[in-house]
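The figures here come from the full heavy-atom set of this structure, side chains too, leaving out hydrogens, waters and symmetry mates. One-based numbering, in listed order, for ligands and for the atoms of each.
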Amino acid sequence: MRVTFNANGRPVEADDVWEGESLLFMLRERLGLPGSKNACEQGECGSCTVYLDGAPVCSCLVAAGQVQDREVRTVEGLADDESGLDPVQQAFIDAGAVQCGFCTPGLLVQTHDLLEREPQPSDSDIREALSGNLCRCTGYEKIMDAVRLASARKCSDASEVSQ
Ligand code: FES
């Protein structure tokens, strides 16, 4: 079957998609978007998190055919051609929150979503939002630091704009 949808703001199509193929497989293997990582394939680790119509989902649990005519945004789509990395991506780098990096794409999408909904999250908000994203390397403290840093920068940018 052919699946046509928007990926990161651009129309795309994938041919010969088989029944049962996941969105994650289609993104990585057919559309050249390998940012979303393939780990547990059971929706447990969060490394494949992408936006589907603006809501974060585990792309390993979404059938490719379900995204027909819908909007998908992957970690690649967080960066902007003009302004470069998203502030969340830059904060993860600056806070040293990336080690092997396998969990990072999912954490970035989930953090991006959190800060869109709650620009100044409490530590408990952050823990709850990221509870479905497993990291084997960092011990999570650097990740917490990165989210706090991204939040502080976004809020300071917003106050500069409003002045
Ligand atoms: Fe390695 Fe998180 S940085 S799993």
Side-chain angles (χ1 to χ4, degrees), residues 7-9 12 14 20-64 66-67 70-157:
N8 299 327
V12 294
E21 181 169 318
S22 69
L23 170 59
L24 175 61
F25 183 93
M26 180 169 66
L27 291 170
R28 290 178 55 84
E29 307 299 333
R30 299 187 189 278
L31 297 173
L33 292 168
S36 312
K37 295 294 176 270
N38 184 0
C40 74
E41 292 189 274
Q42 296 179 4
E44 297 287 341
C45 74
S47 63
C48 66
T49 305
V50 300
Y51 281 113
L52 176 57
D53 290 342
V57 295
C58 287
S59 58
C60 71
L61 295 183
V62 176
Q66 286 180 279
V67 305
R70 297 174 76 182
E71 297 277 341
V72 174
R73 189 178 183 194
T74 69
V75 67
E76 290 95 337
L78 297 185
D80 185 288
D81 285 345
E82 285 172 19
S83 50
L85 292 179
D86 183 87
V88 173
Q89 294 171 308
Q90 192 61 54
F92 269 68
I93 294 169
D94 295 343
V98 181
Q99 288 190 23
C100 81
F102 209 81
C103 66
T104 307
L107 281 164
L108 292 171
V109 173
Q110 204 70 54
T111 300
H112 186 273
D113 175 65
L114 169 66
L115 297 183
E116 290 291 303
R117 291 183 286 107
E118 175 50 77
Q120 292 181 286
S122 65
D123 282 0
S124 121
D125 293 334
I126 299 171
R127 286 199 179 90
E128 183 178 336
L130 302 185
S131 60
N133 294 77
L134 303 183
C135 175
R136 292 162 291 183
C137 306
T138 64
Y140 295 98
E141 271 314 306
K142 298 286 189 187
I143 292 168
M144 294 292 292
D145 290 345
V147 181
R148 292 184 198 113
L149 180 60
S151 165
R153 286 178 176 168
K154 280 178 82 110
C155 288
S156 118
D157 287 351

Legend entry - Q120, CD atom: more than 12 neighbouring heavy atoms under 6.0 Å: no
Inset, instruction - Answer whether the closest heavy-atom distance between the side chains of Q89 and H112 falls below 4.5 Å. - result: no
Legend entry - Contact residues of ligand 1 (heavy atom under 4.0 Å), by chain and number: Q99, C100, G101, C103, C135, R136, C137, T138
Legend entry - Expected output: side-chain N8 to main-chain T74 donor-acceptor under 3.5 Å: yes
Inset, instruction - Return the minimal non-hydrogen interatomic distance between A79 and L85, and the atom names on each side. - result: CB-CA, 4.2 Å
Do any side-chain atoms of residues 91-110 form donor-acceptor pairs under 3.5 angstrom with protein atoms, and if so which ones, sequence neighbours left out?
unit_1, atom_1, unit_2, atom_2, d
D94, OD1, Q90, NE2, 3.1
D94, OD2, R153, NH1, 2.9
D94, OD2, R153, NH2, 3.0
T104, OG1, G101, O, 3.3

Legend entry - Any donor-acceptor pair under 3.5 Å from E76 side chain to G35 backbone: yes
